[in-house]
Amino acid sequence: MNIYVDFDDCLCETAKAFSDLARKMFGIDVPYEKMAYFNLQKAFGLTEEQYDRLMTAGHEPEAILAYEETPGASEVINKWIRSGCSVSIITGRPYNTYEVSRRWLDEHGFQRAEMYCLNKYGRENLMKGSRFSLEPEDYYRMKFDYAVEDSAEAFRFFSHLPELRVLVYDRPWNRNCPFPDNRYRRCTDWESIRKAVSLE
């Protein structure tokens with residue numbers, strides 16, 4: 001069984017960290033529970049210049065390494081791997097964060113999961129020739145049985161897999177978004193994700 005897992009806000013509490021960062025950098029106080037948009041520029045009402053500064057600061061190595069793990073993530077993922085599943089962490093983070101992101105995973109118990117940087121949002125150039133750097137055409141050759149994702153903007157990456165079951169990690173910015181079809185199921189935490197995945 002092959003399982004796709006998004007990184008930010010599925011494995012770690014990235015949005016909460018960015019909420020703190022926006023408050024410290026710009027005095028903009030939008031608590032995590034009030035973050036109505038996945039797009040951080042829109043969520044915090046930032047100018048282009050502020051958004052660029054926020055994204056740069058939030059992707060510094062010391063910032064990434066300080067992100068808190070989402071409770072229960074490593075326990076569930078390691079159970080899947082011990083059961084013979086292949087787990088691929090597919091992130092929209094820029095490839096220049098690969099090494100520090102890989103370090104965060106290793107330090108939080110995800111050593112046996114592969115990580116790939118997918119150009120999900122057209123934000124940057126990826127590392128040509130690296131097997132861990134994916135353009136969409138590379139990704140579409142991969143096959144998955146389940147996906148764990150929080151961003152409705154990423155749902156378009158699942159349309160080519162008609163049997164895929166998508167477990168949507170409940171976050172403030174996806175609570176009002178419609179699901180494309182009945183393959184999508186909202187999960188409130190990693191325990192509900194674990195229960196939703198059949199290992200048979």
Side-chain angles (χ1 to χ4, degrees), residues 1-15 35 37-39 67 69-95 97-98 101-102 104-105 108-123 126 131-200:
M1 180 180 297
N2 297 319
I3 303 176
Y4 162 124
V5 180
D6 179 54
F7 201 140
D8 293 301
D9 300 299
C10 290
L11 300 183
C12 65
E13 299 299 319
T14 311
M35 292 177 64
Y37 304 101
F38 173 77
N39 182 306
Y67 292 161
E69 180 185 342
T70 301
S74 59
E75 290 87 345
V76 172
I77 285 177
N78 281 308
K79 179 180 179 181
W80 288 341
I81 293 173
R82 287 194 300 271
S83 299
C85 298
S86 173
V87 175
S88 297
I89 297 166
I90 310 288
T91 181
R93 290 182 181 185
Y95 186 79
T97 68
Y98 179 87
S101 298
R102 181 71 259 179
W104 186 95
L105 290 169
H108 288 265
F110 299 95
Q111 297 94 333
R112 297 173 64 194
E114 295 279 23
M115 174 190 157
Y116 300 89
C117 292
L118 170 62
N119 191 5
K120 289 183 180 180
Y121 309 112
R123 291 174 178 159
L126 299 185
R131 77 182 187 93
F132 299 114
S133 177
L134 303 175
E135 289 291 351
E137 58 268 26
D138 304 311
Y139 162 79
Y140 286 126
R141 289 192 286 268
M142 303 172 78
K143 304 298 180 188
F144 299 101
D145 302 289
Y146 287 92
V148 180
E149 177 63 75
D150 69 288
S151 169
E153 292 185 27
F155 291 173
R156 69 184 187 276
F157 289 105
F158 304 140
S159 59
H160 68 299
L161 296 170
E163 302 302 318
L164 179 72
R165 295 293 178 261
V166 182
L167 308 176
V168 180
Y169 201 111
D170 182 67
R171 295 295 187 176
W173 49 88
N174 66 36
R175 286 180 186 151
N176 294 318
C177 75
F179 292 165
D181 53 53
N182 61 8
R183 298 178 303 138
Y184 290 70
R185 173 176 175 178
R186 184 174 299 278
C187 294
T188 56
D189 53 24
W190 273 96
E191 177 60 16
S192 60
I193 291 170
R194 183 191 66 78
K195 291 178 179 178
V197 173
S198 173
L199 299 179
E200 300 300 323

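In this text, all values refer to a predicted model and were calculated from it rather than measured experimentally.
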Please check if the side chain of [X] supplies one atom and the backbone of [Y] the other of a donor-acceptor pair under 3.5 Å.
X      : Y      : result
Asn78  : Gly109 : yes
Ser151 : Glu153 : yes
Glu69  : Ser74  : yes
Arg194 : Glu75  : no

Do the non-hydrogen side-chain atoms of [X] and [Y] ever get within less than 4.5 Å of each other?
X      : Y      : answer
Met142 : Tyr116 : yes
Val197 : Lys79  : no
Phe7   : Thr14  : no
Arg171 : Met35  : no
Asp145 : Arg165 : no
Leu105 : Leu11  : yes

Legend entry - Tyr37 OH: over 12 foreign heavy atoms closer than 6.0 Å: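 No, not enclosed.
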
Atom [atom1] of [X] and atom [atom2] of [Y]: how far apart are they, to the nearest 0.5 Å?
X      : Y      : atom1 : atom2 : answer
Leu161 : Tyr146 : CG    : OH    : 14.0 Å
Glu149 : Asp9   : CD    : CG    : 9.5 Å
Ile77  : Cys10  : CD1   : SG    : 9.0 Å
Phe110 : Arg102 : CZ    : CZ    : 10.0 Å
Thr97  : Trp104 : OG1   : CH2   : 12.5 Å
Leu167 : Asp6   : CG    : CG    : 12.5 Å

Work out which heavy atom in [X] is nearest to a heavy atom in [Y]; give both atom names and the distance.
X      : Y      : answer
Tyr169 : Ile193 : CD1-CD1, 3.6 Å
Val166 : Leu164 : CG2-CD2, 3.8 Å
Cys177 : Arg186 : O-NH2, 4.5 Å
Ala113 : Ile89  : CB-CD1, 3.8 Å
Arg112 : Arg82  : NH1-CG, 3.8 Å
Met1   : Ser198 : CE-O, 2.8 Å

Inset, instruction - Could you give me the CA-CA distance, side-chain angles and deciding distance for His160 and Tyr139, then say whether ring-ring contact (aromatic ring centres under 6.0 Å, His included) is met? - result: CA-CA 11 Å; His160 68 299; Tyr139 162 79; 5.5 Å; yes

Inset, instruction - Test side-chain contact (heavy atoms from CB on, under 4.5 Å) on Trp190 and Val148 and set out the steps. - result: CA-CA 10 Å; Trp190 273 96; Val148 180; 4.2 Å; yes

Inset, instruction - Give the ring-plane orientation class for Tyr184 versus Phe158, where under 30° counts as parallel, over 60° as perpendicular and anything between as tilted. - result: tilted

Legend entry - Intermediate values then yes/no, side-chain contact (heavy atoms from CB on, under 4.5 Å), Phe155 and Asn174: CA-CA 11 Å; Phe155 291 173; Asn174 66 36; 5.8 Å; no

Legend entry - side-chain contact (heavy atoms from CB on, under 4.5 Å) partner of Leu134, the single match among Thr91, Asn119, Leu118: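 Among the candidates, only Leu118 passes.
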
Legend entry - Salt bridge Asp170-Arg175, side-chain N to carboxylate O under 4.0 Å: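 Yes.
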
Legend entry - Donor on one side chain, acceptor on other, Trp173 and Asn39, under 3.5 Å: no

